[in-house]
Visitor: 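Attaching a single structure in structure tokens format; questions to follow.
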Amino acid sequence: MLDKKLSGAGLRGQSAGETSLCTVGKSGSGLTYCGYDVSDLADNTSFEEVAYLLFNGELPTVDQLETYKAELSTLRDLPQLLKEVLQRIPRDAHPMDVMRTACSFLGNLEPENDFSEQNHAANRLLAAFPAIMCYWYKYSHEGVEIDCVTDEASIGGHFLHLLNGKTPSEQHRRVMDVSLILYAEHEFNASTFTARVCASTLSDMFSCITGAIGTLRGPLHGGANEAAMDMIQSFSSPKDAKVQMAGMLERKEKIMGFGHAIYRTSDPRNVIIKAWSEKLAQENGDTSLYDISVACEEFMWDSKKLFCNADFFHASAYHFMGIPTKLFTPIFVCSRLTGWAAHVMEQRSNNRIIRPSADYTGSEPRKVTPIETR
Ligand SMILES: CC(=O)SCCNC(=O)CCNC(=O)[C@H](O)C(C)(C)COP(=O)(O)OP(=O)(O)OC[C@H]1O[C@@H](n2cnc3c(N)ncnc32)[C@H](O)[C@@H]1OP(=O)(O)O
Ligand SMILES: O=C([O-])CC(=O)C(=O)O
């Protein structure tokens with residue numbers, strides 16, 4: 001929204017601390033990680049380089065990257081006890097609940113004993129999340145117990161390989177990589193702030209990340225990409241999309257994948273993932289979903305000056321790669337974990353317990369009346 005107010009409820013516009021990890025919505029450059037523009041990172045780096053950057057403050061050299069990727073590869077497999085827990089989670093469970101439970105359970109099996117283990121804990125989750133998601137999905141939906149290890153060099157390729165049981169195309173690998181880069185970090189968003197609040201009590205990494213997953217789950221945050229997909233699929237044509245969306249706005253319904261708490265006129269990630277969605281549409285011979293998505297974008301801008309956030313064109317891009325809609329938000333977890341963990345480390349490095357105050361709006365002081373006379 002052009003006249004968006006960066007103040008008021010929801011702590012909007014208030015500084016809640018310092019970070020050297022990210023800027024969001026600063027004039028000139030929309031989104032930066034450790035000083036690098038996200039579009040530069042999306043064009044010229046891999047997700048593992050971005051993870052390294054967020055955890056270490058600098059991009060890796062060739063040798064550092066090779067060592068880091070080799071370390072991550074050794075951390076991909078899941079302990080048998082975790083596989084057994086995943087087998088017991090029903091097919092109709094929400095996949096974000098699966099991620100939340102698995103993260104918490106891994107924290108029981110391999111606890112972070114002290115903060116010197118924080119990088120290992122973060123890397124373990126980063127390496128294991130794709131297998132957690134795919135192991136549960138394939139077991140509960142297809143009765144298949146997958147091997148959690150692949151020879152894929154990248155996390156994005158590893159995920160696609162686990163999901164489809166075969167080597168992904170170069171294009172799909174690259175789209176996953178870009179997607180994971182785009183979702184990696186976003187300053188004091190709701191889930192990251194949750195992680196920092198938890199970290200500020202000196203809790204462990206697994207608790208911080210488990211809390212963050214629960215916060216990302218909601219449709220106003222990470223859950224929007226799935227909700228956007230359901231909506232786009234319910235439209236039969238670009239014209240139908242515009243008619244239906246007009247009705248939704250009239251009924252004051254929120255349209256998922258549009259608007260943002262910080263950006264006012266555009267989300268810098270949208271143009272990047274939209275371009276990939278278009279390429280994938282061409283590859284798939286799609287003649288409706290991409291055009292419908294573009295019609296939604298035009299309609300929302302023309303009627304409400306609301307723009308697509310990162311989630312909107314992720315929906316069609318993931319769909320074109322054959323990813324089931326219910327896994328969209330868990331993929332977001334695989335990526336944002338890097339931002340969450342980096343913020344946990346940053347909070348720990350200069351900590352004071354996060355404990356704001358509230359403006360009281362309740363009743364005046366009063367006396368308890370005996371229960372029989374109330
Ligand atoms: C990765 C991410 O987490 S990105 C966000 C993903 N979430 C979504 O896509 C959900 C849909 N979007 C929204 O609900 C909101 O835009 C949020 C939660 C992202 C931001 O919320 P806010 O900062 O409160 O929004 P903002 O101040 O811009 O809202 C201004 C007005 O636009 C309306 N508005 C904002 N977004 C939308 C939307 N997607 N559909 C319809 N109306 C909207 C608000 O209802 C509000 O109207 P009002 O003044 O009549 O109450
Ligand atoms: O910053 C926010 O409020 C939401 C978010 O995480 C993102 O857009 O990636």
Side-chain angles (χ1 to χ4, degrees), residues 1-16 19 21-26 30-33 38 41-42 50 54 96 179-196 212-232 241 244-273 293 296-297 299-315 317-318 328-340 342-343:
M1 306 211 69
L2 290 169
D3 56 353
K4 184 168 168 52
K5 262 181 69 187
L6 285 178
S7 62
L11 298 177
R12 196 72 75 258
Q14 295 179 36
S15 171
T19 184
L21 293 165
C22 182
T23 64
V24 174
K26 293 254 179 296
L31 171 60
T32 64
Y33 302 167
V38 76
L41 293 168
V50 168
L54 292 170
M96 287 295 278
S179 164
L180 294 171
I181 292 170
L182 296 181
Y183 271 144
E185 162 55 7
H186 221 247
E187 201 221 31
F188 277 21
N189 62 84
S191 55
T192 302
F193 198 60
T194 301
R196 279 192 89 123
I213 294 171
T215 309
L216 187 70
R217 183 191 194 288
L220 294 190
H221 194 5
N225 54 14
E226 296 182 24
M229 188 69 228
D230 293 340
M231 182 184 76
I232 300 162
Q244 303 279 356
M245 287 176 105
M248 290 169 80
L249 288 181
E250 212 162 294
R251 294 191 296 277
K252 301 249 175 272
E253 289 172 26
K254 278 266 162 77
I255 307 210
M256 297 305 164
F258 286 88
H260 199 273
I262 304 294
Y263 299 122
R264 290 162 201 238
T265 52
S266 65
D267 180 329
R269 299 163 295 184
N270 178 52
V271 64
I272 302 170
I273 196 64
S293 304
C296 294
E297 183 179 35
F299 175 79
M300 287 296 279
W301 183 256
D302 292 346
S303 55
K304 292 277 281 183
K305 292 286 170 281
L306 278 166
F307 53 87
C308 295
N309 59 48
D311 279 338
F312 190 71
F313 277 94
H314 259 105
Y318 286 167
F328 289 5
T329 318
I331 298 173
F332 197 157
V333 171
C334 296
S335 164
R336 186 59 59 88
L337 162 69
T338 53
W340 293 333
H343 276 274

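One-based numbering, in listed order, for ligands and for the atoms of each.
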Visitor: Please work out, at 4.0 Å between heavy atoms, whether the side chain, the backbone, both, or neither of Arg12 comes within that distance of ligand 2.
Guide: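 Under 4.0 Å from ligand 2, Arg12 contributes no heavy atoms.
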Visitor: Could you tell me the separation between the NE2 atom of His221 and the CG atom of Asn189, rounded to the nearest 0.5 Å?
Guide: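 Rounded to the nearest 0.5 Å, the NE2-CG separation comes to 4.0 Å.
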Visitor: Calculate, to the nearest 0.5 Å, the distance between atoms SG and CE belonging to Cys296 and Met231 respectively.
Guide: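 CE of Met231 is found 4.5 Å from SG of Cys296.
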Visitor: Quick one: does His221 get within less than 4.0 Å of ligand 2, heavy atoms only?
Guide: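 Yes, His221 has heavy atoms under 4.0 Å from ligand 2.
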Visitor: Phe312: heavy atom below 4.0 Å from ligand 1, yes or no?
Guide: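 The answer is no: ligand 1 sits nowhere under 4.0 Å from a heavy atom of Phe312.
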Visitor: What I want to check is whether the side chains of Ser191 and Thr215 have a donor and an acceptor closer together than 3.5 Å.
Guide: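 No, no side-chain donor-acceptor pair sits under 3.5 Å.
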Visitor: Looking at Gly259, which atoms of ligand 1 are within less than 4.0 Å of one of its heavy atoms?
Guide: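 Counting atoms of ligand 1 from 1, those under 4.0 Å from Gly259 are 16 (O), 19 (C).
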Visitor: How far does CH2 of Trp340 sit from CG of Leu337, to the nearest 0.5 angstrom?
Guide: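 It is 7.0 Å, given to the nearest 0.5 Å.
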Visitor: With backbone taken as N, CA, C and O and side chain as the heavy atoms from C-beta onward, which portion of Leu306 lies under 4.0 Å from ligand 1: side chain, backbone, both, or neither?
Guide: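 Side chain only; the backbone of Leu306 stays clear of ligand 1.
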Visitor: Can you tell me if Tyr318 and Ser179 form a side-chain donor-acceptor pair at under 3.5 Å?
Guide: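 A donor-acceptor contact under 3.5 Å links the two side chains.
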Visitor: Looking only at distance, does Ile255 have an N or O less than 3.5 Å from an N or O of ligand 1?
Guide: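 Min N/O separation from ligand 1 is below 3.5 Å for Ile255.
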Visitor: Based purely on interatomic distance, does Lys304 place a nitrogen or oxygen under 3.5 Å from a nitrogen or oxygen of ligand 1?
Guide: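 No - when backbone and side-chain N and O of Lys304 are compared with those of ligand 1, no distance drops under 3.5 Å.
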Visitor: Which of the atoms of ligand 1 are close to Asp311, meaning less than 4.0 Å from one of its heavy atoms?
Guide: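 Contacts of ligand 1 toward Asp311, numbered from 1: 1 (C), 2 (C), 6 (C).
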Visitor: For atom 9 (O) of ligand 1, tell me which residue out of Ala261, Ala9, Gly8, Gly257 has the closest non-hydrogen atom.
Guide: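 Nearest heavy atom to atom 9 (O) of ligand 1 lies in Gly257.
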Visitor: Give the atoms of ligand 1, by number and element, whose distance to some non-hydrogen atom of Phe332 is under 4.0 Å.
Guide: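 Numbered from 1, ligand 1 contributes 1 (C).
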Visitor: I want to know if ligand 2 touches Asp267 in the polar sense, i.e. an N/O pair below 3.5 angstrom.
Guide: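 It does not: no N or O of Asp267 is found under 3.5 Å from an N or O of ligand 2.
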Visitor: When you measure from atom 7 (C) of ligand 2 to every protein heavy atom, which one gives the shortest distance, and what is it?
Guide: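 Going atom by atom, the protein heavy atom closest to atom 7 (C) of ligand 2 ends up being His186 ND1, 3.2 Å.
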Visitor: side-chain contact (heavy atoms from CB on, under 4.5 Å) for Ile255 and Leu306? Distances and angles first, verdict last.
Guide: CA-CA 10 Å; Ile255 307 210; Leu306 278 166; over 6 Å; no
Visitor: Between Asn309 and Gly259, is there a donor-acceptor pair closer than 3.5 Å when you use the side chain of the first and the backbone of the second?
Guide: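 Yes, Asn309 side chain to Gly259 backbone: donor-acceptor pair under 3.5 Å.
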Visitor: Below 4.0 angstrom from a heavy atom of Met256, which ligand 1 atoms are there? Numbered from 1 as shown, please.
Guide: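 Answer, ordered by atom number: 9 (O), 10 (C), 11 (C).
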Visitor: Check ligand 1 against His221 and write out every atom of the ligand that is under 4.0 Å from a heavy-atom position of the residue.
Guide: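 Here the atoms of ligand 1 in question are 2 (C), 3 (O), 6 (C), 7 (N).
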Visitor: Report the part of Tyr183 (side chain from C-beta onward, or backbone N, CA, C, O) that has a heavy atom under 4.0 Å from ligand 1; answer both or neither where that applies.
Guide: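 Neither; no heavy atom under 4.0 Å.
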Visitor: Heavy-atom distances under 4.0 Å decide this one: backbone, side chain, both or neither, for Asn309 against ligand 1?
Guide: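 Near ligand 1, Asn309 shows its side chain, while the N, CA, C and O stay back.
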Visitor: Could you say whether the N/O atoms of Phe258 and ligand 1 ever approach to under 3.5 Å?
Guide: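 Right, the criterion is met.
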Visitor: Under a 4.0 angstrom heavy-atom cut-off, which atoms of ligand 1 come close to Ala224?
Guide: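 Answer for ligand 1: 6 (C), 7 (N), 8 (C), 9 (O).
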Visitor: Going by heavy atoms in the side chains, are Leu216 and Met96 under 4.5 Å from each other?
Guide: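 Leu216 vs Met96: side chains touch.
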Visitor: Is a side-chain N or O of Asp267 found less than 3.5 angstrom from the main chain of Ala310, in a donor-acceptor match?
Guide: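 It does hold such a pair.
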Visitor: Counting each atom of ligand 1 from 1 as listed, which ones have a heavy atom of Glu253 under 4.0 Å away?
Guide: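 Here the atoms of ligand 1 in question are 41 (C).
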Visitor: With a heavy-atom distance limit of 4.0 Å, tell me whether Asn189 approaches ligand 1 through its side chain, its backbone, both, or neither.
Guide: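 Near ligand 1, Asn189 shows nothing, with every heavy atom at 4.0 Å or more.
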Visitor: Quick check on Arg12 - does any of its heavy atoms sit under 4.0 Å from an atom of ligand 1?
Guide: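 Within the 4.0 Å threshold, so yes.
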Visitor: Counting the benzene-type ring for Trp, do Phe258 and Phe312 have ring centres under 6.0 Å apart?
Guide: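 Close enough - the centres of the two rings lie under 6.0 Å apart.
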Visitor: What do the steps show when you test Tyr183 against Asp311 for side chain to side chain donor-acceptor pair (under 3.5 Å), and what is the final call?
Guide: CA-CA 9 Å; Tyr183 271 144; Asp311 279 338; 2.4 Å; yes
Visitor: For ligand 1, is any non-hydrogen atom under 4.0 Å from His186's backbone (N, CA, C, O), its side chain (CB onward), both, or neither?
Guide: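 The answer is neither.
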Visitor: Of Ile262, Leu182, Val24, Leu41, which is the lone residue that meets side chain to side chain contact (heavy atoms under 4.5 Å, CB included) with Leu31?
Guide: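 Result: among Ile262, Leu182, Val24, Leu41, Val24 is the only option passing the side chain to side chain contact (heavy atoms under 4.5 Å, CB included) with Leu31.
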Visitor: When the aromatic ring centroids of His186 and His343 are compared, is their separation below 6.0 Å?
Guide: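 No, the ring centres sit 6.0 Å or more apart.
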Visitor: What do we get for Pro219 next to ligand 1 when only non-hydrogen atoms under 4.0 Å count, side chain, backbone, both or neither?
Guide: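 For Pro219, only backbone atoms sit under 4.0 Å from ligand 1.
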Visitor: Under 4.0 Å from a heavy atom of Arg336: which atoms of ligand 2 are those, numbered in the order shown and with their elements?
Guide: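 Matching atoms, with element in brackets: 5 (C), 6 (O), 7 (C), 9 (O).
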Visitor: Any donor-acceptor pair under 3.5 Å linking the side chain of Gln244 with the backbone of Ala246?
Guide: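 Here the side-chain-to-backbone pair does not exist.
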